[in-house]
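This report concerns only the one structure given below.
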Amino acid sequence: PCLVLLVPEPMTSPARAPLPRAALVVVTALGLVWAATACTGGGDEPARDDPAETTVPEPATPVLTPDRADPLPVVTPAPAAMRWVGPDIAVPASVTVDHAEDADPAALDVVAEILRAAGATVEVRVVAGDDDATAASDDDLVVRVGPLDDPGVAAEIAAVTAAPTPEATPEGYALAAYTLSDGSARVVLAGADPAGTFYAAQTLRQLAGAGTIAGVAVADRPAMAHRGAIEGFYGSPWTTEERPDLLAFAGRFKLNTYVY
């Protein structure tokens with residue numbers, strides 16, 4: 001509130017002599033100064049605190065240590081290229097699996113089967129190509145599955161600079177399992193086509209064991225177009241149970257031909 005001092009015109013009194021004009025000017029001036037001070041709060045309004053600065057965390061980046069001296073894990077058939085990119089990744093109790101909308105369903109089933117066998121519960125999400133799924137998940141491990149031409153998947157493969165160049169040939173694939181600077185981990189599987197994505201999942205099966213996933217990058221493509229088995233009739237025919245077993249074996253080891 002503002003308090004204004006009003007100074008009335010001095011009145012003469014028989015008992016007191018009128019104030020001199022100079023004194024009146026001084027009194028009036030002091031009153032105006034006091035009134036102005038009361039209105040402005042003395043001119044010493046406390047400074048406002050600056051709003052707190054918001055710190056934006058730096059995005060997590062791959063931590064690559066490709067100089068591991070351990071023997072590389074055995075994968076059958078041997079990939080075209082495989083190298084270490086860091087330490088093995090522990091499979092936590094909860095894992096997020098992000099995949100492109102058109103990711104191969106059979107590959108997704110294999111990935112979920114592998115993670116559950118390692119003791120993890122699995123949350124499966126569909127993500128767009130440019131989604132930053134890393135920041136959106138609280139899990140310590142995120143597995144991403146998609147085609148090589150998916151922008152998000154391709155960017156993640158490219159970020160692992162020690163990874164081999166992904167193969168875009170039919171049935172080819174790239175895989176990278178690595179840690180991030182915030183302590184979390186990523187596994188990315190990318191296929192040139194649905195068969196390639198499925199084969200990447202089968203390679204992941206061989207890289208997983210004892211609750212861990214080998215910290216490697218893989219680039220693979222088939223050495224020949226037709227790979228499989230011929231059922232001949234020079235002995236006893238295979239049973240109905242044996243043929244599905246053969247097809248399951250063929251899927252696990254990237255065979256694509258069965259001649260009956």
Side-chain angles (χ1 to χ4, degrees), residues 59-62 64 75 77-83 85 89 95-115 122-137 139 141-178 180 184-208 213-227 250-257:
T61 56
L64 306 176
V75 175
M82 179 167 63
R83 67 189 72 177
V85 293
I89 296 168
V95 179
T96 298
V97 176
D98 291 337
H99 67 90
E101 190 171 1
D102 56 350
D104 180 56
L108 294 174
D109 290 343
V110 172
V111 170
E113 175 192 340
I114 295 165
L115 296 172
V122 179
E123 177 190 1
V124 181
R125 307 182 303 185
V126 178
V127 296
D130 55 353
D131 279 354
D132 185 2
T134 307
S137 174
D139 287 336
L141 173 60
V142 175
V143 179
R144 191 159 190 179
V145 183
L148 274 173
D149 58 2
D150 181 291
V153 173
E156 290 203 51
I157 291 291
V160 186
T161 55
T165 303
E167 294 289 344
T169 55
E171 300 182 277
Y173 66 89
L175 181 152
Y178 57 95
L180 293 169
S184 63
R186 300 282 286 179
V187 177
V188 185
L189 298 84
D193 50 25
T197 306
F198 180 77
Y199 294 154
Q202 296 298 345
T203 294
L204 178 65
R205 185 194 298 277
Q206 298 187 52
L207 295 174
I213 298 172
V216 298
V218 179
D220 198 10
R221 63 186 185 281
M224 56 186 68
H226 302 290
R227 311 169 304 279
R252 287 195 177 213
F253 294 98
K254 309 178 181 73
L255 308 178
N256 64 358
T257 303

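Keep in mind that the numbers below use all heavy atoms, side chains included, and drop hydrogens, waters and symmetry copies. We number each residue from 1, following the sequence as shown. These numbers were taken from a predicted model, which means no experiment stands behind them.
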Looking at every heavy atom in both [X] and [Y], which two are closest together, and how far apart are they?
X: Asp193; Y: Pro170; value: OD2-CA, 3.5 Å
X: Val126; Y: Ala100; value: CG1-C, 4.5 Å
X: Phe253; Y: Pro77; value: O-CD, 3.5 Å
X: Val153; Y: Gly146; value: CG2-CA, 4.0 Å
X: Ala107; Y: Ala201; value: O-CB, 3.8 Å
X: Glu171; Y: Ala225; value: OE1-O, 4.2 Å

Self-check item: side chain to side chain contact (heavy atoms under 4.5 Å, CB included), paired with Val218, selected from Val85, Leu204, Leu189, Leu175
Solution: Leu175
With side chains defined as the heavy atoms from C-beta onward, is the minimum distance between [X] and [Y] less than 4.5 Å?
X: Arg83; Y: Val216; answer: no
X: Gln202; Y: Tyr173; answer: no
X: Leu180; Y: Pro62; answer: yes
X: Arg227; Y: Pro222; answer: yes

Quiz item: Just checking, any donor-acceptor pair under 3.5 angstrom between side chains of Tyr178 and Glu156?
Solution: yes
Quiz item: When you measure from the side chain of Asp220 to the backbone N and O of Gly172, does any donor-acceptor pair fall under 3.5 Å?
Solution: no
Quiz item: Between Arg205 (side chain) and Ile114 (backbone), is there a donor-acceptor pair under 3.5 Å?
Solution: no
Quiz item: Is Arg144 salt-bridged to Asp98, cutoff N-O under 4.0 Å?
Solution: no
